[in-house]
Every structure is written in C-alpha cells, then in structure tokens.
Q: 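This is the structure I want to talk about, given as structure tokens.
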Amino acid sequence: MSELSVKNLHVFRGERHLLRGLGFEVPAGCCLQVVGANGTGKTTLLRVLAGLLEPESLELTFRGQRIPPRDPDYHANLSYLGHDPALKSDFTSAENVSFNVGLRRRVASEDVQSALIRVGAAKFSDRPVRALSAGQRRRVALASLWLTGASLWLLDEPATNLDVAGQGLVASLIQEHLADGGLVMAATHQDLGLPPNQCATLEIGARGVSA
Amino acid sequence: MNWTWFHRLGSPPHIYRIAGTLTPWFAWPAGLLIAAALYGGLVLAPPDYQQGEGFRILYVHAPSAWLAVMIYGVMASAAAVGLIWRMKVAHAVAASCAGVGAWFTAVSLLTGMLWGKPMWGTYWVWDPRLTAQLILLFLYLGYMGLRAGIDDLGRADKASAVLAIVGVVNIPIIRYSVEWWNSIHQAPSVMKMDRPSMPFDMLAPLLMMLLGFTLYFAAVMLVRLRAEILRRERTASWIREVLR
Amino acid sequence: MTEFFAMGGYAVFLWPAYLVTLIAIVANVLIARRAHDGAKQEARRRFDLEDEGSTT
Amino acid sequence: MTAIRTSTIAAAWLVLERDLRLAVRRPAQLIQPLVFFAVVTLLFPLGYTPELGKLRAIAPGVLWVAALLASMLALESLFREDAADGTLEQFVVSGQPLVGLMAAKTLAHWLLTGLPLTLMAPLLGIALGVPVVAMPGILVALMLGTITLSLIGAVGAGLTLGVRRGGVLLSLLTLPLAVPVLIFGARATELAILGESQIGPLYLLSALAVLGITLAPLAAAAAVRIGLE
C-alpha cells in the first residue's frame with residue numbers, strides 16, 4: 001500500500017494549463033525523481049504537494065488517508081526544501097537550524113551541532129549566514145532537513161550550488177532517509193545512486209501528463 | 001440533499017448563458033423605472049418647504065449613495081462565496097462589481113457636494129454620510145489597486161476577496177466612528193432629508209429611482225460578469241460555441 | 001417651460017448633478033460592453049492561436 | 001525517533017523571540033520610524049505657528065496622524081524580507097497554525113514600532129504645548145491605538161506581499177481602515193489634554209483592539225498564503 005498517492009492533479013499557472021491530470025504513487029522507502037525540461041512544472045508540482053500552491057483539483061492520499069494538501073498534520077510530517085534555503089542572513093547557521101527545526105519539534109543545541117557536523121557545516125557554524133557562500137548555505141539548509149526528521153521530503157533541486165562532495169552528501173542523506181522508511185520526491189537530474197527498487201522516475205513532458 | 005443548483009451556479013457556461021438572457025430583463029425595467037422616477041421627481045413632486053426645488057438632487061444622490069454601499073456588500077459576499085467554496089464565478093462577480101461601485105460612490109460624493117453648496121454655501125461639508133462615502137471610495141480604490149497590482153488572475157481574485165471581506169467588516173465601524181466624530185464636534189449635517197418622512201408623492205419617485213438604479217446595476221454587472229468569465233475560462237472548450 | 005429649467009434658482013446645482021449621474025450611467029454601460037467585446041476578441045485570438053499551434 | 005512536537009504557543013513564542021533578536025541585530029531599522037515620527041510632528045509648528053496655545057489645539061491630530069504614518073512605514077518590511085529569503089514559506093509548511101505565527105509577528109512589529117512610538121509621543125507632545133499632566137492619558141490611548149494599527153497593517157502587508165512596489169498600495173489599503181482608530185485616539189488625547197475623563201474613547205479603542213486581535217491574524221494568514229502562491 002503506497003504511503004503517498006496523487007490522482008487527478010490539475011494546475012493552472014496564469015494562462016497555461018501546466019499540470020493536466022497528473023497521477024502517481026510513492027511507496028514507503030522509495031524516492032520519486034521528478035524530471036523534465038525547465039518550466040514544465042516540476043517546482044509547481046512540489047509546491048502544490050507542500051500546500052504552498054492551490055491546485056485546480058487534486059486527490060491526495062497520505063498514509064491511506066485522503067487529506068487536503070494544507071492539513072496541519074500532513075505538514076508536520078513533511079519537509080519542503082525550495083530554491084531559497086530559508087535562512088536569516090543576520091543569524092548564525094546554528095541559530096537558523098535551531099529556529100527552523102524548533103518551529104516543528106523540541107530540539108537541543110547538541111542536536112543542532114551534530115546536524116551541522118553531519119552536513120559538514122560545523123566549521124562555519126558561528127559566522128552569520130550572510131558571510132557564507134551559496135553552497136555553504138545549502139548545507140545548512142540540509143542540516144535542518146536532516147534534523148527535522150520528517151517522513152516526507154519534498155526537495156526542489158536539492159544539489160544546486162553544491163560541489164561534488166555536496167552532491168554526495170545529498171545522495172547519502174536521501175539513502176539514509178529511505179532506509180529509515182522515509183519518502184522522498186526530488187526534482188533533480190542528479191544520479192542519486194539508488195537501487196532500481198528504491199527509485200522511480202516521473203517525467204513531466206511538455207503536455208504535463210505523467211509519462 | 002444534493003446541491004445541484006448550487007453547483008450549476010458554479011459552472012461558468014451555465015452562468016454565462018443565464019447572464020446573457022437576464023441582462024435585458026433587468027435593463028429595460030431599469031430604464032422605465034428611472035424614466036418614470038425622473039418625471040415623478042422633477043415634475044410631479046411638490047417643492048420642499050425648506051429647500052425648495054433644490055431638494056430634487058435627492059433623486060440622484062440617494063440612489064447613488066445606496067448603490068455605492070449595496071454594491072460593496074454584493075462584492076464582499078461574492079468574494080466570501082468565492083473564497084469558501086472556491087467558485088471562480090463568484091470571484092468574477094466580485095470583479096464585475098468594483099468598477100460600477102467606485103463610479104457611483106464618486107457620483108454620490110459629487111451630487112452631495114452640489115447639494116451642499118446651496119444649503120451651506122460651501123461645496124464640501126464634513127457631513128458624516130458624505131465623509132463615510134469618501135472613505136468608501138478609498139476602499140473601492142484600494143480594492144481595484146490591489147487587483148491591478150497582482151498579475152496572476154487566480155491570486156488577484158483571492159487577495160482582493162480577503163480585502164473585500166476585511167473592508168465590509170470595517171464599513172459599519174467607519175460609519176459609526178464618523179457619526180460619533182461628527183456628534184462630538186456638532187459639525188453641520190446636510191443630509192437631514194434622506195430619512196424621509198416625506199409625503200407619498202415625494203417618496204414614490206425616490207423608491208422607484210432606488211429600484212431602477214438597483215436593476216440598472218444588475219444589468220451592467222451581468223454584462224461585465226460575462227467578460228470576467230471569458231477572461232477566467234481561457235481555453236475552455238465551451239467558449240468556442242459562444243464565439244461562433 | 002423655462003421656469004421648469006430654472007428649478008427655482010437651483011438650476012446651476014441641480015442640472016450638473018443630474019448630468020454627472022447621466023455620465024456615470026452611460027459610461028458604465030459603455031465600459032461593460034467594451035469589456036465584454038474585448039474579452040470575446042481575446043478569447044477568439046486565443047483560439048486562433050491554439051488552432052495554429054496544434055495544426056503546425 | 002519520536003520527537004515532541006512544538007506546541008502552538010511555543011512556536012509563536014519562537015517566532016516572536018526570533019523577530020526581536022533579528023531587530024536587535026539591525027537597530028537602524030528600529031530607529032527610522034521614531035525619527036520619522038519626530039520629523040513629521042515637528043514640521044507642524046514650522047508650517048503653522050510657534051504659539052504653544054494654538055499648537056495645543058491641533059496636538060492630538062498631529063500626534064496621531066504622525067504615529068499612524070510612522071507605523072505604516074515599518075509595515076513594509078514585516079513580511080517582505082521573510083518572503084524573499086524563503087523563511088515565510090517555512091512558516092506555512094511548518095504544520096503550526098499560521099494564525100498563531102502571524103499573531104506573533106504582528107506582536108513583534110508592535111513591540112518594535114508601536115510601543116516605541118507611544119513612549120516617544122509625550123516627548124513630542126511637549127513640543128506641541130501639551131501639558132505634562134496629560135501625558136499618561138496620551139500614553140494609554142496611543143498604546144491601545146498602535147496595537148490596532150499593527151494588526152490592520154499586518155493584513156495590508158500580507159495582501160501586498162505579491163505586489164511589486166507594494167509600499168504605496170499598503171498605505172492606501174491600511175489608512176482607510178485605520179480611520180476609526182484615528183478618530184477615537186485623537187479624541188482620547190484631546191480629552192487628556194483638556195484634563196477631562198477619556199474613558200469613553202478608551203473603551204472604543206479597546207473594542208477596536210479586541211476586534212483586531214481576533215480577526216486580523218486570520219486575515220493576515222489568509223493573505224500571506226495567497227501572497228506566497
């Protein structure tokens with residue numbers, strides 16, 4: 001039985017009927033890679049599933065329950081990583097992570113440190129984020145993602161601005177998350193090095209219908 | 001109890017057709033009523049013992065003022081229906097109301113000023129009702145400004161709907177506060193006339209004019225509604241037959 | 001007839017008030033009509049575009 | 001790992017504490033509304049008359065209009081920065097009721113703008129010939145009024161989130177809705193100056209504040225959700 005299933009997803013963006021009747025299922029412990037040319041609706045799909053964008057129509061089922069994409073419990077179980085890493089530039093990375101995670105669950109400062117170490121951001125954890133490079137900020141965002149421990153990950157181009165080592169980090173975080181029985185939907189062209197039974201691909205073509 | 005009639009209300013092609021057939025049924029009676037009320041108000045009704053012939057401005061001022069407030073109410077309720085049941089047609093109705101409402105708020109202000117001049121010697125008098133209408137005009141302009149400021153039609157509908165609802169909650173508060181403000185400063189009040197204990201031959205034209213204006217608004221709104229529906233339905237197939 | 005138009009000396013206020021109202025009534029009818037015709041034209045243009053799009 | 005989910009109050013407190021800490025890190029933004037309030041107030045004697053007697057008569061209106069415009073100034077950045085760096089999106093996706101987080105942000109805005117303006121008003125009142133005995137009355141009235149201003153402003157800021165150069169539009173949307181606060185507030189201040197009891201307008205101001213506290217965060221949350229689409 002699938003953890004997450006989407007049926008009859010229609011989305012309009014201004015004039016364009018971007019997603020037409022999209023439908024797919026993601027079993028537990030599996031990563032669905034969303035691929036397609038730019039502007040075909042990858043980001044739109046993730047934002048709709050995160051409840052940030054209201055679709056024309058959608059039948060979303062999570063853990064066997066039919067819910068609206070703005071259901072608070074559903075949100076508590078998901079993490080959305082968008083284009084911007086959601087960090088306040090006047091705060092240090094540690095302060096940012098403890099706020100972003102603390103908004104959802106109780107978190108101790110040791111956990112924050114271990115998260116920053118896990119993503120290799122420990123060395124610059126006390127400098128304000130303003131002084132960090134885009135790649136370093138992306139790592140800090142990954143620290144919050146990893147520490148929150150939500151079961152559903154919605155990742156939009158998670159490896160942008162990351163060097164090769166960073167891309168390896170993303171792949172290992174995803175593999176670790178899937179091993180815990182988590183779920184990932186990632187809009188990325190990167191090869192995540194996942195065995196075929198753990199990874200499916202959703203191609204959004206020009207007509208916006210699932211391939 | 002299935003709400004088929006309610007869902008049919010929500011289906012754009014259905015509403016587009018109904019709007020088309022209803023428009024003349026509103027337009028013609030409106031025209032007749034306004035004409036009759038004009039004749040009644042300008043010719044038959046006796047002059048006011050205090051304001052003489054000048055009081056006849058009432059026959060255009062009061063209906064415009066009524067329209068200004070009534071339209072905002074229609075706009076806000078359509079916006080609420082649009083937000084709660086996610087009906088695009090309801091947002092289209094709200095969008096069709098704003099322009100007409102702003103126009104007639106301006107008319108009620110201008111006619112109020114033209115009435116104030118002979119009565120009080122100055123064009124603008126801080127009469128509570130005139131002041132409240134002025135603020136209502138700013139609410140309309142704010143609504144239209146917000147709609148114009150957002151490119152995506154769907155988002156503009158929803159954002160302006162929230163503003164319309166916040167606005168309609170505030171209108172009675174603004175009216176009360178302006179009346180309260182007027183009472184503590186004993187400022188002059190022009191509009192003693194519109195709580196009419198008027199004789200019937202004065203009152204009848206006014207009521208006819210009010211109804212005529214309301215029907216007129218309905219007719220104009222329905223035409224704009226058809227335009228708004230076409231803008232929102234974009235490439236829906238039913239539009240092809242309509243265009244033929 | 002002329003004393004009718006004089007309106008007991010209030011003519012200079014009364015008739016402009018009625019004129020303003022008339023302007024608003026006529027203007028809104030024109031605006032509504034133009035908006036509807038414009039929307040129809042726009043829809044027609046979009047359909048022609050779409051027909052071209054799918055045929056080429 | 002079964003994590004203990006943060007309660008709504010804790011999340012709201014976190015947001016409030018975050019905004020206050022952020023503001024302390026960038027004090028310049030805190031000072032600007034206060035300087036604006038002072039400048040606008042001090043323009044009136046130059047534009048009207050140096051006679052304190054006459055200034056006292058218009059002091060209530062001047063203080064309240066200047067306070068209104070100053071708090072409007074600071075509203076522009078209430079959501080804009082959070083929307084730009086993506087943190088506002090995380091509020092919506094956090095699973096916490098957005099209404100609570102919006103209330104926290106509005107309270108932070110009031111603590112950082114409304115309250116300082118209120119505390120500064122007596123100082124400027126002296127420049128307008130306001131007797132010292134009236135100061136407590138002015139403080140109470142402005143405190144209540146600025147709460148409602150922040151609440152209405154939060155709705156306006158949320159609505160103009162998606163609008164390019166939404167600053168002017170924000171004022172056009174918010175000022176008409178702030179008219180009742182201005183009327184009751186100015187009257188309360190006038191009564192304070194005259195030394196009479198200002199209980200009537202204060203009740204009305206409190207009523208507006210209560211209405212604002214209950215409804216405004218709801219509207220602001222809806223506006224932000226729409227603005228982020």
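Below, chains carry the letters A, B, ... as their sequence lines are ordered, and counting in each starts from 1.
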Q: Out of B:E53, B:R224, B:M221, which one racks up the most heavy-atom pairs below 4.5 Å with chain C?
A: B:E53
Q: Is atom CZ of C:F4 surrounded by more than 12 heavy atoms (other residues, nucleotides or ligands) closer than 6.0 Å?
A: yes
Q: Using a cut-off of under 4.5 Å on heavy-atom pairs, state which of B:L225, B:V220, B:L222 scores highest against chain C.
A: B:V220
Q: In terms of relative ring orientation, are B:Y123 and C:F13 parallel, tilted or perpendicular, with 30° and 60° separating the classes?
A: perpendicular
Q: Could you check which of C:P16, C:G9, C:A17 has the highest count of heavy-atom pairs closer than 4.5 Å to chain B?
A: C:A17
Q: Mark yes when over 12 heavy atoms from residues, nucleotides or ligands other than C:E42 sit less than 6.0 Å from its CD; otherwise mark no.
A: yes
Q: From B:T111 OG1 over to C:L19 CG, what is the distance, rounded to the nearest 0.5 angstrom?
A: 12.5 Å
Q: Measure distances from B:I57 to the heavy atoms of chain C and classify the residue's part below 4.5 Å as side chain, backbone, both or neither.
A: both
Q: Can you establish whether the number of heavy atoms outside B:W25 located under 6.0 Å from its atom CH2 is more than 12?
A: no
Q: Counting heavy-atom pairs under 4.5 Å with chain B, which one of C:V20, C:V12, C:D37, C:I23 comes out on top?
A: C:V20
Q: Looking at CD1 of C:I31 and CH2 of B:W103, how far apart are the two atoms once the value is rounded to the nearest 0.5 Å?
A: 5.5 Å
Q: Which pair of non-hydrogen atoms, one from C:N28 and one from B:Y216, has the smallest distance, and what is that distance?
A: CB-OH, 3.2 Å
Q: Which bit of B:F217 comes within less than 4.5 Å of chain C, counting heavy atoms only: side chain, backbone, both or neither?
A: neither
Q: By a 4.5 Å heavy-atom criterion (distance strictly below it), what part of C:R33 contacts chain B: side chain, backbone, both, or neither?
A: backbone
Q: Could you tell me which non-hydrogen atom of C:A39 sits nearest to which non-hydrogen atom of B:A227, and how far apart they are?
A: CB-O, 3.6 Å
Q: Roughly how far, to the nearest 0.5 Å, is the CD atom of B:E228 from the NE2 atom of C:H36?
A: 11.0 Å
Q: Counting only heavy atoms closer than 4.5 Å, note whether C:I25 contacts chain B via side chain, backbone, both or neither.
A: both
Q: Side chain, backbone, both or neither: which part of C:A6 has a heavy atom under 4.5 Å from chain B?
A: neither
Q: Any chance you could measure B:Y59, atom OH, to C:Y18, atom OH, to the nearest 0.5 Å?
A: 7.5 Å
Q: Tell me, for B:L38 versus chain C, whether the close heavy atoms (under 4.5 Å) come from the side chain, the backbone, both or neither.
A: side chain
Q: Closest heavy-atom contact between B:G54 and C:Y10?
A: N-CD1, 3.2 Å
Q: Check the surroundings of atom CH2 in C:W15: do more than 12 heavy atoms from other residues, nucleotides or ligands lie under 6.0 Å from it?
A: yes
